[in-house]
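A quick write-up on the structure given underneath.
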Number of protein chains: 2
Amino acid sequence: MGLSPTTVSRLPVYLRELELLSQAGVETISSTGLAEVVGVTPSQLRKDLSHLGSYGTRGVGYHIAGLQAQIGRELGTARGWPVVIIGVGNLGRALAGYAGFSSRGFRIAALVDPDPAVIGTVVHGVEVSDLAELEAVITRTKATIAVLATPPAAAQSVVDRVVHQGVTSILTFAATVLAVPDGVIVRKVDLGQELQILAYYEQRKSEEVVR
Amino acid sequence: MGLSPTTVSRLPVYLRELELLSQAGVETISSTGLAEVVGVTPSQLRKDLSHLGSYGTRGVGYHIAGLQAQIGRELGTARGWPVVIIGVGNLGRALAGYAGFSSRGFRIAALVDPDPAVIGTVVHGVEVSDLAELEAVITRTKATIAVLATPPAAAQSVVDRVVHQGVTSILTFAATVLAVPDGVIVRKVDLGQELQILAYYEQRKSEEVVR
DNA sequence: AGCTGTGAACCGTTTCACAGCC
DNA sequence: GGCTGTGAAACGGTTCACAGCT
């Protein structure tokens, strides 16, 4: 076992679409059909699913409920992973209010912020803790996943603290490059980076006209 | 010319770190030095830069100011790309307040939302327009890049409308799979997907102990 | 007949190792 | 001597095409 990173990154998408299909009452789907709704090629989909030792039926297709269960198991969606969100500005609030949170197997174990005006308030059902108590919060909640919605300047120091407390997976929205020890996984979402990538292709399109 | 997608995705990161270095007064840096701060291998960095026909000096390293200019040109950071943000909830507000917006070569041309309580208010210096006037807003601002911060259910219909109006690059925060015509580039940021990827590896770590 | 599962071919990306220049 | 630029090798991922099951 051990799926390739690219396969892992597609599984959540498959799972999401399978949920929609099963809600719509569909019971079985072919690789071609599912590939179309998720936007990949049928062979890619079949290869991905074959890595999970999957349950397709030749001549028929995939049994949706079974496939959901299998992917869900692979991603650990039943575990209700406790997640700590650090930074309760607009971004932190948006994340806290994200509807898919619990349906995808997570729960907000704590919200943390340094602002006295925010500490103690309740956001989406969770009381905001003081950033000064970050260590205690992580110990108490046993969270191993942290989401960083802090200003970039604060990110590295927060990372150091949560890693020291046993967090091994970090999702950061700060643009800074983060240093972490081996074994800690960081995923970065950077608005500026995404826009600049789009701008590159946008510029190429306009240059093409000139050429 | 025509850079590979992987190279393009790294250029914004290089540019960001170069800015920090030049602010710190550094004038020259070796591939090893820069690679370390951005978190890639020296050979990867050299290969990437060589694709831009880059200005390194053997025995010395790269001239930071020159390299910044070159990458900036490649990404079109001087063009002040007009961007329309659709959806002014917490997420939309967070995006609108993003500090790197203008420094990275973009400007918020418009904010759009369907909520009467929000329309007309000023957010980060921009007045919120009515979603009903989306077409007019895009025509007026000549925006070709749109950022979607809408609920998932609304995403596809908004995409159809902006694409029809000439938008060719979309950054979406909605988890839904979006259908667009050829030539339109979509980049998706999906919190649930990112967390599920982390959860997969998190689960593997805990299984490893058992094994 | 239809559709999955998969070895083999293909393609893009990364890493290596060194020639070439300062 | 030091560091870039770059062909060549290695790697990983995707696509192809078909054997095999229902």
Side-chain angles (χ1 to χ4, degrees), chain A residues 1-14 17-18 21 26-71 74 185 193 197 200-201 204, chain B residues 1-14 17-18 21 26-71 74 185 193 197 200-201 204:
Chain A
M1 293 253 306
L3 305 171
S4 81
T6 49
T7 297
V8 171
S9 72
R10 284 186 293 265
L11 291 182
V13 184
Y14 298 165
E17 295 303 316
L18 287 169
L21 286 165
V26 186
E27 289 188 355
T28 283
I29 193 161
S30 70
S31 63
T32 316
L34 183 53
E36 195 155 325
V37 302
V38 299
V40 299
T41 63
S43 33
Q44 171 123 261
L45 179 61
R46 288 204 301 278
K47 183 70 81 172
D48 282 340
L49 297 184
S50 77
H51 292 317
L52 343 164
S54 168
Y55 260 45
T57 316
R58 292 169 201 234
V60 180
Y62 297 91
H63 184 58
I64 290 180
L67 197 48
Q68 269 182 279
Q70 201 166 0
I71 297 178
E74 204 68 41
I185 300 179
Q193 183 179 358
I197 294 169
Y200 170 82
Y201 293 107
R204 283 189 65 75
Chain B
M1 295 252 305
L3 306 170
S4 81
T6 49
T7 298
V8 171
S9 72
R10 283 185 294 265
L11 290 183
V13 183
Y14 298 165
E17 294 303 316
L18 287 169
L21 287 165
V26 186
E27 289 188 355
T28 283
I29 192 161
S30 71
S31 63
T32 315
L34 183 53
E36 195 156 324
V37 302
V38 299
V40 300
T41 63
S43 35
Q44 171 124 261
L45 179 62
R46 288 204 302 277
K47 184 70 87 176
D48 282 340
L49 296 185
S50 77
H51 293 317
L52 342 163
S54 168
Y55 259 45
T57 316
R58 293 169 201 235
V60 180
Y62 297 92
H63 183 58
I64 290 180
L67 198 47
Q68 269 182 279
Q70 201 165 0
I71 297 177
E74 205 68 42
I185 300 180
Q193 183 179 358
I197 293 169
Y200 171 82
Y201 293 108
R204 282 188 66 76

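Reminder, nothing fancy here: chain letters follow the sequence lines and each chain counts from 1. Side chains included, hydrogens not; waters and symmetry mates left out as well; all remaining heavy atoms used. Quantities reported herein were computed from a predicted structural model and do not represent experimental measurements.
The nearest whole Å value for the distance from the CD1 atom in Ile29(B) to the P atom in dG2(D) is 18 Å. Rounded to whole Å, atom C1' of dC3(D) lies 13 Å from atom CG of Leu49(B). Rounding to whole angstrom units, CG of residue Asp48(A) and P of dG13(D) are separated by 11 Å. Distance CD1 (Ile64(B)) to P (dC3(D)): 14 Å, rounded to an integer number of Å. Rounding to whole angstrom units, CG of residue Leu45(A) and C1' of dC3(C) are separated by 12 Å. One can place NZ of Lys47(A) at 11 Å from P of dT15(D), the figure rounded to the nearest angstrom. Taking atom CD of residue Gln44(B) and atom P of nucleotide dC11(D), one finds them 16 Å apart after rounding to whole Å. Separating the OH atom of Tyr55(B) from the C1' atom of dC3(D) is a distance of 18 Å, rounded to the nearest angstrom.
Listed nucleotides: dT6(C), dT14(D), dT4(D). Nearest to the side chain of Ser30(B): dT4(D).
Between Ile29(A) atom CD1 and Leu67(A) atom CG the span is 10.0 Å, to the nearest 0.5 Å. Gln44(A) contributes atom CD, which lies 7.0 Å from atom OG1 of Thr6(A) (distance to the nearest 0.5 angstrom). For the atom pair CG of Leu11(B) and CD of Glu74(B), the computed distance is 7.0 Å after rounding to the nearest 0.5 Å. Distance check, rounded to the nearest 0.5 Å: CG of Leu34(A) to CG of Asp48(A) gives 10.5 Å.
Residue Pro5(A) is classed as a sugar-phosphate contact, given heavy-atom separations below 4.0 Å to backbone atoms only.
Between Thr41(A) and dT15(D) there is a side-chain polar atom (N or O) within less than 4.0 angstrom of OP1 or OP2. Considering only side-chain N and O atoms, Ser43(A) lies nowhere under 4.0 angstrom from the phosphate OP1 or OP2 of dC16(D). Here Arg10(A) reaches the OP1 or OP2 of dT14(D): one of its side-chain N or O atoms lies under 4.0 Å away. The phosphate of dG5(C) (OP1 or OP2) has a side-chain N or O of Tyr62(A) nearer than 4.0 angstrom. For the OP1/OP2 pair of dT14(C) and a distance below 4.0 Å, the side-chain nitrogens and oxygens of Thr6(B) include at least one atom meeting the criterion.
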Quick one: which protein N/O atoms are closer than 3.5 Å to N/O atoms of nucleotides 19-22 of chain D? Pair and distance per line, please.
unit_1: dG20(D); atom_1: N3; unit_2: Arg58(A); atom_2: NH1; d: 3.3
unit_1: dT22(D); atom_1: O4'; unit_2: Arg58(A); atom_2: O; d: 3.2

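Atom CD of Glu36(A) has 12 or fewer heavy atoms from other residues, nucleotides or ligands within 6.0 Å.
Using a 4.5 Å cut-off on side-chain heavy atoms (C-beta onward), Leu18(B) and Tyr62(B) make no contact.
No donor-acceptor distance shorter than 3.5 angstrom exists from the side chain of Tyr14(B) to the backbone of Ile71(B), with no hydrogens or angles considered.
Looking at every heavy atom in both residues, Leu45(A) comes nearest to Ser31(A) through CD2-O, 3.3 Å. Nearest heavy-atom pair across Gln70(B) and Leu52(B) is NE2-O, 2.9 Å. Minimum heavy-atom separation, Pro12(B) to Ile197(A): CG-CG1, 4.3 Å.
The 5' end of DNA chain D is approached more closely, in terms of each residue's nearest nucleotide, by Arg46(B) than by the other of Arg46(B) and Ser4(A).
Axis angle between the ends of the helix from dA1(C)-dT22(D) to dC22(C)-dG1(D), five pairs each and rounded to 10 degrees, works out to 0°.
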